[in-house]
Amino acid sequence: MKKDTTKVAVGDALTPETLADLERSGLDRKDAQRMGVRSVTAEWCDAALGIPRAGYRMPYLDMDGKPTEFYRVRFTEFPPSGGKFGTPLKQPVRYAQPEGTRPYIYFPPLVGDDWRKIAADTSQVIVFTEGEKKAAAACNHGFNCLGLGGVWSFKSNARGWALLPEFADIDFKGRRVEICYDSDVMTKQQVHAALTELTSRLIELGATVDLVYLVPQPGERKQALDDLLVSHGAEGFKALPRETSQQTRAFTILNNRAVYLRDQGMFWDLEEQVLMDTAHARLTLGPLATVLETKGGKNPVTVPIPAFDKWVLSPARRGARKLAYEPGTFETTLPDQSINVWVAPEVRPKRGAVKLWLDFVHYLFRTPEQADWFLKWLAYPVQRPGTKMLQAVFVYSDGQGVGKTFAVEPLMRFIYGDDNFTNLSNADLHSAFNAQLANRQFAVLNEIYIDNARERRDLMANIKDMVTREQMVVNRKYAQPYVMRDCVNYYVTSNHADALAIEPEDRRFFVVEAPTEALPESTYTELDAWLRNPADPTKPGPGASAILYHLLHRIDISDFNPKRAAMQTGARESTVRASMSHVNEFAMRLAEYPEELIPNAFRDLYTPADLLRIFRDNYPNVGTPTVTALGNALRTIDLPKFRGRQRNGAPLVTLYALRNQSKWRAAPGNAWLTYHFTDVNSNGS
């Protein structure tokens, strides 16, 4: 129901806030009156626009100076800049307009000649800029400047208009048109795309289009046309460089293909997703576009040359600070002027039954507690995109075809999109090139295993780093390495419990032993047909959308911490034992079940030499480890230990308590020594 605004009056007076805001653009009270500006209260804005903030109303006049039904409100009142817990808020809305109204070109009522006359006279240059105040300020300085409410406001997709009807009332054939947007035009993709399309449309109407580039103000602050006019006047605008339309077309091709990264001194190929130095960029981009250049003396000729060298030195060259990967952020250019290379997935959440998939998860993860932990682990980075989970999931089973990988693929490939998902093999983990992990959110390490124990430990060191690192150095063939944020979360499968050499103290891995008996084949077939699009199996089906909705809205992650240790399971302990060396296994057995290793033990304390004898007794077919190797293994367990001398000059004695451990944890050093030497003397050894 449309709100009734008749009971809320528009202020006749211009508030100090309105006048101050106009003055920043070089406009005064007289200008405001000619423009029809009226201050409006927060109550009026709430009733008319649904935004309870004060500001001023700017009516849009047509070419003949008659009011249209369209207006925009510029707010002068804004909410606090800090959010909950000090988190920054997005930039508040500065302008608003009546819902459902079509956009218009803004014809400022401040020109010497009327707009109808200017529209017919193709010898007069017309300038386009974004915003009413900027256009009015430019008209005050003698330029025929038209305003667009937004950079895309020259068109209306809702009405199928490639250009607003007002463009048809202006003769553009042979007319020189200038477009002057804010100084960040070459760093914001949307602004740049709008500039490109408007230029193309005007050229189609017969105009010769020049782009006028502003430079940032001191401190890298954005500069707009009104800022320039206030500080440098009309001559400052006239002195700015113009790019001819022919160059504009060539530069548009190059800007759509590559962006220069200032911090790295490199070019980013938007199509191939690789970094290029200048030589590589020239080879790649040089053939794509040309500009005309006049050469010769008495008989000059115009010849086409590659546009690259002119583009590389031009302010029209698209630029940014560096590359970034920010999942869930749809802007390509971030506030810090980084280029966000995250690509949004196609699948969208849609409520639906997900019992088929949940039943499969509970079958695979065996217990409700383990299934619940896994679902929260899956849901957390979906609800909070870009989260680096410091836990990885490892699922193993001796059985074939039980669906270890099927729990996440193709599902997570659909949910994250092909650009943010990857599969890794054993060979990938050993490769010096890791581009397949750059700019990814989810990775599956499928059926990994290496027979050689030493290589398996080396591989595990690499995997542990991958799971916990928050930045990665991206190495591509024939390309310069660069550093990126690491958002990859890992799901690992194998047919071998010892595929991961997990150490006892390592809490990064959630380990599950999947069933060995597969479900009926019809279950997998039904689930797969539901997850995929029947017409195109490479595309998501209704199941993917329903599961995405479930992960987003039905999984409570409030008690889940992605930085804590993973849930510890019995399968994890089996993996630890299966992958450890004999000496590490011996150390663990000493800590947990010493009576198994030392039947009828009557002593509490043992030296390393004692323990080596016990090792030989229990592992007769294995070589005896060194004292150092045994000490390293014992450091991984929680076994009471003391090291000291009986008296000055006496040899150091190292003792481990295998029995009555709580007593010896609290005992002073002299008690350890007294017990040991009394025990030794009483036993004659």
Interatomic distance, OG1@Thr208 vs CD@Glu178, rounded to 0.5 Å, equals 11.5 Å
task: Could you tell me whether the side chains of Trp342 and Gln441 share a donor-acceptor contact shorter than 3.5 Å?
output: yes
Those residues at least two apart in sequence (or on a different chain) that pass side-chain hydrogen bond (donor to acceptor under 3.5 Å, both in side chains) with Asp226 are Ser25
Practice prompt. Check whether any side-chain N or O of Trp311 sits under 3.5 Å from a backbone N or O of Ala289 as a donor-acceptor pair, and report yes or no.
Written response: no
Rounded to the nearest 0.5 Å, the NZ atom of Lys133 sits from the CG atom of Asp31 at a distance of 12.5 Å
> Taking the six-membered ring for Trp, are Tyr104 and Tyr60 ring centroids under 6.0 Å apart?
Replying inline: no
Here the pair of heavy atoms bringing Phe107 nearest to Leu61 is CD1-O, 3.7 Å
Does the pair Lys376/Asp559 count as a salt bridge with the N-to-O cut at 4.0 Å? yes
Axial cation check for Phe237 ring with Arg242, 6.0 Å and 45° limits: yes
Task: Asp64 side chain to Lys66 backbone, donor-acceptor under 3.5 Å - done: no
Quiz prompt | pair Pro327-Arg485: side-chain heavy atoms closer than 4.5 Å | solution = yes
Taking it one step at a time, do Arg102 and Glu69 satisfy salt bridge (Lys or Arg N to Asp or Glu O under 4.0 Å)? CA-CA 9 Å; Arg102 53 149 288 197; Glu69 77 276 12; 5.3 Å; no
* Asked: Are any side-chain N or O atoms of Asn489 and backbone N or O atoms of Met389, one a donor and one an acceptor, separated by less than 3.5 Å?
  -> yes
To the nearest 0.5 Å, atom CG of Asp171 lies from atom CD of Gln124 at 12.0 Å
Is any side-chain heavy atom of Arg24 closer than 4.5 Å to a side-chain heavy atom of Val230? no
Inset, instruction - Look at atom NZ of Lys388 and say whether more than 12 heavy atoms of other residues, nucleotides or ligands are closer to it than 6.0 Å. - result: yes
Q: Report yes if some heavy atom in the side chain of Ile170 is under 4.5 Å from a heavy atom in the side chain of Leu146; otherwise report no.
A: yes
Whether the side chain of Asn420 engages the backbone of Val343 through a donor-acceptor N/O pair (distance < 3.5 Å, no angle test) should be reported.
yes
Q) What class does the angle between the rings of Phe167 and Phe128 fall in, given that below 30° is parallel, 30 to 60° is tilted and above 60° is perpendicular? A) parallel
d(Tyr95 OH, Leu49 CG) to nearest 0.5 Å is 14.0 Å
Salt bridge (charged side-chain N to carboxylate O under 4.0 Å, His left out) test vs Glu132 passes for just one of Arg57, Arg74, Arg72, namely Arg72
Validation row: Asp114, Lys117 side chains within 4.5 angstrom (heavy atoms)
yes
Can you tell me if Glu166 uses its side chain to pair, donor with acceptor, with the backbone of Met63 under 3.5 Å? no
Can a donor-acceptor pair be found, under 3.5 Å and without considering hydrogens, that links the side chain of Arg53 to the backbone of Val93? yes
Distance col, row Met484:CE vs Arg440:CZ, nearest 0.5 angstrom, shows 11.0 Å
Heavy atoms of Leu411 and Ala544 approach each other most closely as CD1-CA, 4.1 Å
- Item | Backbone of Ile339 reached by a side-chain donor or acceptor of Thr333 within 3.5 Å | no
Sub-4.5 Å side-chain heavy-atom contact between Asp184 and Gln223: no
Requested in this report: Verify the ring-centre separation between Phe267 and Tyr260: is it less than 6.0 angstrom?
Outcome: yes
Could you tell me whether the side chain of Phe414 reaches within less than 4.5 Å of the side chain of Leu548, counting heavy atoms only? no
Expected output: side-chain Asp21 to main-chain Glu17 donor-acceptor under 3.5 Å:
no
Discussion item. Under a 3.5 Å distance rule, please check whether Arg34 uses its side chain to pair with a backbone N or O of Pro109 as donor and acceptor.
Written reply: yes
Between Lys222 and Asp227, does any side-chain N to carboxylate O distance fall below 4.0 Å?
no
Taking the six-membered ring for Trp, are Phe560 and Tyr380 parallel (under 30°), tilted (30 to 60°) or perpendicular (over 60°)? tilted
For Ala353 and Ala546, the nearest pair of non-hydrogen atoms, with its separation, is O-CB, 4.2 Å
* To do: Answer whether the closest heavy-atom distance between the side chains of Asp210 and Val177 falls below 4.5 Å.
  => no
Exercise. Does Gln273 use its side chain to pair, donor to acceptor, with the backbone of Leu270 at less than 3.5 Å?
Worked result: yes
- Message: Counting only heavy atoms not in Glu346 (residues, nucleotides, ligands), do more than 12 fall under 6.0 Å from its CD?
- Response: no
Working note: Arg257 + Arg318, criterion side-chain contact (heavy atoms from CB on, under 4.5 Å); need CA distance, chi angles, decisive distance, verdict. CA-CA 10 Å; Arg257 176 63 184 268; Arg318 187 175 176 188; over 6 Å; no
Between the CG atom in Asn439 and the CG atom in Asp486, the distance rounded to the nearest 0.5 Å is 10.0 Å
- Item | Heavy-atom side-chain proximity of Leu205 to Lys173 below 4.5 angstrom | no
